[in-house]
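This structure is a prediction, so every number in the text was calculated from the model and none was measured.
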Amino acid sequence: MTSTLTSPSADRAVSARSGDVPRRRTRLLALPEVRWAVAATVLFLLALPLQLAGAPAWTWGPLYALSYATGGWEPGWEGLKALKDRTLDVDLLMVVAALGAASIGQVMDGALLIVIFATSGALEALATARTADSVRGLLDLAPATATRIGPDGTEQAVPVEELAVGDTVLVRPGERVGADGRVLDGASEVDQATITGEPLPAAKEPGDEVFAGTLNGTGALRVRVERDASDSVIARIVRMVEEASETKAPTQLFIEKVEQRYSLGMVAATLAVFGVPLAFGEAFSEALLRAMTFMIVASPCAVVLATMPPLLSAIANAGRHGVLVKSAVAMERLGQVDAVALDKTGTLTEGTPRVTDVRPLPGRDLDEDELLSLAAAAEHPSEHPLARAVVAAAHERHLELPSAQDFASAPGVGVRALVDGRTVEVGAPARLLDDTDGDASPAATLAGELELSGRTAVLVVVDGASAGVLGIADRLRPDAAATVAALTTLTAAAPILLTGDNPRAAAHLAAEAGIEDVRAGLLPQDKTGAVKELEGAGRKVMVVGDGVNDAPALAAAHIGVAMGRAGSDLALETADAVIVRDELAAVPTTVALSRRARKLVVQNLAIAGVFIAGLVTWDLVGTLPLPLGVAGHEGSTVLVGLNGLRLLREGAWQRAATDGTGRRD
């Protein structure tokens with residue numbers, strides 16, 4: 001039977017609305033890494049103009065010294081602690097190189113090196129903190145308490161952690177479901193987009209499954225708990241995001257090995273350059289000068305800058321065009337993808353249901369506008385997404401809506417109202433057809449045709465007889481088909497569709513977009529499993545999605561891209577890149593831009609390698625003057641920097657947008 005329990009109090013209803021879920025975000029300056037980096041940068045910017053203006057050294061020298069201390073003490077301390085574990089990292093060597101540069105008069109160069117490394121550490125700390133914030137925010141989707149019904153029918157508010165399998169809970173209208181379970185009694189519509197990504201609330205009645213954290217509609221439900229809070233779908237999403245993020249957080253083992261070998265080699269070589277000539281009678285000052293010159297010209301600064309400017313320029317260019325790429329690593333990975341998995345609702349589609357068909361039944365003397373006007377008038381007081389779609393369609397046609405009286409809504413069935421003296425019912429055909437006259441058969445046939453084509457059918461009944469059927473669907477983005485084709489060209493493989501929606505609607509939309517591989521009815525763990533299956537086959541997968549249910553797959557993928565306008569907080573934080581303007585066509589353009597950046601990285605590494613090898617050889621074989629060594633080192637840095645900045649130009653984005661060859665570096 002349908003429950004007739006009263007609505008919750010106003011404050012409970014307000015706190016339960018999806019838009020009011022509290023958001024916990026770490027403040028920027030709460031992170032010590034950020035505070036130290038800001039201090040080092042400010043001190044450097046205060047000292048630099050004084051030095052360039054020819055001010056006395058006592059005015060800018062202390063400022064540089066403080067910049068060294070604030071920006072370099074933490075990586076230096078961490079490097080010293082690593083030494084205790086017999087590990088040598090480049091961060092410590094950069095601090096030593098900065099101090100070495102200062103010891104031979106290159107104070108500004110050393111300070112700049114310190115500032116760069118401090119800023120990099122701050123950005124890494126901020127990214128880690130924001131990811132943790134987003135995961136904690138996901139836990140807020142599930143309510144803190146639930147109403148448990150005792151064996152004698154009494155109601156008691158208890159923490160959701162105390163719920164046990166077999167308990168019965170009451171979910172009032174507007175509340176969030178407190179636990180995964182199955183409906184025992186009542187009927188309602190539940191917005192479970194956070195779990196399945198479905199664009200429309202799902203009708204729930206006895207026997208149907210509900211998930212913790214989903215939002216109940218206008219009916220009341222009694223639910224039997226079937227999972228502990230720690231094993232709910234929302235809790236599993238949290239665990240999957242955390243596990244996947246942890247696997248992506250450390251630097252690749254290969255790079256760590258190279259870093260160790262380079263660090264050890266550079267230290268050994270510097271000591272040898274200093275000690276060997278000294279042992280053969282060279283003057284101490286000359287040996288020290290040669291060693292310091294070697295440390296400067298052999299330092300990896302040029303190599304680091306050879307890599308970063310193209311990637312950072314690509315990030316800046318993409319940002320101007322509404323694509324936020326969160327790191328240089330993410331930009332580089334975008335160019336490596338060879339498989340793409342797309343979400344449906346909110347990604348390939350606009351995420352908002354719209355009326356696509358208005359089909360009056362023959363013999364009822366109603367044209368399309370009259371049928372739509374009656375339906376919209378009856379639906380006008382309702383807050384259901386389908387009702388809003390019907391009213392919006394009437395407004396788009398500039399129809400005058402008559403006033404509705406005696407409005408009533410039945411969860412899972414539809415609405416009823418008196419419009420211009422006529423009783424109008426709008427709702428699910430399966431529920432309303434039982435109450436209509438002999439026109440039911442044509443109405444059922446028409447509704448079936450619309451549902452087979454991927455639409456949601458809504459029956460309109462006037463004065464007890466079926467009058468027509470409305471078709472409602474989530475509309476494909478205008479650029480979806482072109483985007484799918486471009487991604488197919490770039491990756492040499494057609495994208496796949498991963499969605500929690502029903503197979504029929506998914507297949508219909510995929511056909512419109514040009515996608516053949518469709519996997520529908522998926523829960524978050526199923527999407528993640530599909531991504532891991534592709535990764536296990538050696539593919540580098542890019543996942544494009546927008547919802548909480550997409551977050552584990554975004555985290556598990558080689559690169560995750562979130563649609564920004566309607567994207568959930570967790571998806572936006574978990575993803576490596578965000579399409580801020582919701583332009584799907586920007587995805588293949590950014591991939592092409594990344595590949596151009598990777599090509600410039602290769603060029604820059606070659607340039608940097610030639611300069612470093614030449615200067616090191618000169619210093620070891622002959623006598624490289626320190627000013628010339630510094631000039632050569634800084635010159636190579638400037639050269640590769642300018643080469644990388646080519647991607648800042650507007651033409652770089654335009655060329656990437658028109659690059660349909662799918663050439664892979």
Side-chain angles (χ1 to χ4, degrees), residues 33-76 90-91 93-123 285 288-313 315-316 604 607-608 611-612 615 618-619 624-649:
E33 295 90 347
V34 173
R35 294 197 298 269
W36 290 120
V38 169
T41 303
V42 170
L43 290 166
F44 177 80
L45 293 177
L46 289 174
L48 182 61
L50 292 175
Q51 182 188 18
L52 296 179
W58 61 265
T59 61
W60 48 263
L63 294 175
Y64 276 136
L66 289 173
S67 180
Y68 276 73
T70 54
W73 80 267
E74 189 169 25
V90 169
D91 284 0
L93 289 185
M94 287 302 94
V95 173
V96 173
L99 295 175
S103 70
I104 56 175
Q106 305 299 322
V107 180
M108 187 269 289
D109 292 342
L112 179 58
L113 186 59
I114 289 291
V115 167
I116 290 174
F117 270 78
T119 303
S120 175
L123 292 175
S285 60
L288 179 61
L289 183 60
R290 183 189 297 272
M292 285 295 97
T293 303
F294 176 85
M295 177 172 282
I296 290 174
V297 299
S299 72
C301 300
V303 175
V304 171
L305 289 177
T307 304
M308 295 303 291
L311 298 174
L312 295 179
S313 298
I315 290 173
N604 283 349
I607 294 171
F611 268 85
I612 290 175
L615 292 172
W618 189 349
D619 186 52
L624 175 63
L626 178 60
L628 189 57
V630 172
H633 180 264
E634 297 301 326
S636 66
T637 302
V638 171
L639 182 60
V640 298
L642 291 176
N643 190 42
L645 294 179
R646 290 163 52 195
L647 289 183
L648 282 174
R649 295 180 297 184

The side-chain contact (heavy atoms from CB on, under 4.5 Å) partners of Ile315 (sequence neighbours excluded) come to Leu312, Val325, Met331
Check Ala111 against Phe44 and note the closest heavy-atom contact, atom names and distance.
CB-CD1, 3.6 Å
With sequence neighbours left out, the residues meeting side-chain contact (heavy atoms from CB on, under 4.5 Å) with Thr70 are Trp36, Ala39, Ala40, Leu43
Ser67 and Val115 have their tightest heavy-atom pair at OG-CG2, 3.9 Å
Heavy-atom closest pair (Pro62 atom, Ala57 atom, distance to 0.1 Å) is CD-O, 3.9 Å
Does Thr41 use its side chain to pair, donor to acceptor, with the backbone of Ala37 at less than 3.5 Å?
yes
Sort and list the pairs that fulfil side chain to side chain donor-acceptor pair (under 3.5 Å) and have at least one residue in residues 47-61, not counting sequence neighbours.
Gln51-Tyr64
